[in-house]
Amino acid sequence: MGMEIFEGEVNATLPLPLMSLNHVSFVCRSVSRSVKFYEEVLGFVSVKRPSSFNFHGAWLFNYGVGIHLLQCNSPDDVPKKKGVINPKDNHISFQCSDISLLKRKLKEMSIEYVTAVVEDSAIQVDQLFFHDPDGYMVEICNCENLPVLPLSSFPLKFPYPKDPILSSLYGGKGLPKFQCRPCGAESECVILEILVTDMMDISF
């Protein structure tokens, strides 16, 4: 007996129609100061905000993601800036192809940072952490070195079909075709195909 689906209900086994991360939003003590930081340090570009907003703020965009800055009503609305950079704090993270270049840039701009290394078998990921003017933490990493290996058979989607490890684990005839990232080894594709084969045997 199959599952009965009523009109208006969402089948939990189907992937949600989500596409990608659109933006992150931060409440700032000074929007202009934060705009300057994200433009000069991280290369974001200011873009037009909707005219219906009746509060001060700014929108920036680059690398496929937006940063929305909102002017605080009171300094108490913004968490106190932490003196110590803690990699375990909440943060946004950007992949980078040349972390050493970012290190030099931060040193030239007198921006304090800390580094860390994550290892998994023979894979190494370099991390760089620093604060924005309001104490929100930013990470720069080469996390693309780590393969994305699902721990369940739930559908996994990547926002850019030209650069996925897996384009999707759901739908279509036969097995999905994989495109490994340039830095990935050929063996990574083999592992992923075996993984998906096993999961599809479980799922269907």
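Keep in mind that this is a model prediction, so the values were computed, not measured. Atom set for the values below is all heavy atoms of this structure, side chains included, hydrogens, waters and symmetry mates excluded.
Annotation: side chain of V65 is not in contact with side chain of I92 (no heavy-atom distance under 4.5 Å). Under the 4.5 Å side-chain criterion, counting only non-hydrogen atoms from C-beta, I140 is not in contact with Y113. I85 places a side-chain heavy atom less than 4.5 Å from the side chain of M137. A 4.5 Å side-chain heavy-atom check between V35 and L60 finds at least one atom pair inside the cut-off. Side-chain contact check for I67 versus N62: every heavy-atom pair is 4.5 Å or farther apart. You'll find the side chain of I123 reaches within 4.5 Å of the side chain of P147, heavy atoms only. S46 has its side chain out of reach of Y38: every pair of non-hydrogen atoms, C-beta onward, lies at least 4.5 Å apart.
Rounding to the nearest 0.5 angstrom, the gap separating the CZ atom in F130 from the CG atom in L42 is 4.5 Å. Rounding to the nearest 0.5 angstrom, the gap separating the CD atom in E139 from the CD atom in Q95 is 9.5 Å. Between atom CD1 of residue I99 and atom CD of residue Q127 there is a gap of 8.0 Å, rounded to the nearest 0.5 Å. We find the CG-NZ distance between D98 and K103 to be 10.5 Å, quoted to the nearest 0.5 Å. Atom CG of L69 sits about 11.0 Å away from atom CZ of F37, to the nearest 0.5 Å. Taking NE2 from H56 and SG from C28, the interatomic distance works out to 9.0 Å, rounded to the nearest 0.5 Å.
Using the six-membered ring where Trp is involved, H68 and W59 have ring planes that are parallel, under 30° apart on the 30 and 60° scheme.
Shortest non-hydrogen contact noted between N142 and C96 is CB-O, 3.8 Å. Across all their heavy atoms, C72 and R29 have their closest contact at SG-CA, 3.8 Å. The shortest heavy-atom contact between S25 and L70 is OG-CD1, 3.6 Å. Shown here for F129 and A116, the closest heavy-atom pair between the two residues is CE1-CB, 4.1 Å. In terms of heavy-atom proximity, P133 sits nearest to R33 at CB-NE, 3.5 Å.
Heavy-atom neighbours of K105 NZ from other residues, nucleotides or ligands within 6.0 Å: above the threshold of 12. Within 6.0 Å of the CG atom in N90, the count of heavy atoms belonging to other residues, nucleotides or ligands does not exceed 12.
Hydrophobic clustering of Ile, Leu, Val, Met, Phe, Trp and Tyr side chains at less than 4.5 Å, counting indirect connections, unites Y63 with L128. L106 and V114 end up in different hydrophobic clusters when Ile, Leu, Val, Met, Phe, Trp and Tyr side chains are linked at under 4.5 Å. Follow the hydrophobic side-chain contacts under 4.5 Å out from F55 and you reach V47 in the same cluster.
Using modelled atom types, one side-chain atom of N86 and one backbone atom of K88 make a donor-acceptor pair closer than 3.5 Å.
Between the side chains of D132 and S34, no donor N or O sits under 3.5 Å from an acceptor N or O.
Within the 6.0 Å centre-distance limit, the rings of F94 and F44 are counted as a close aromatic pair.
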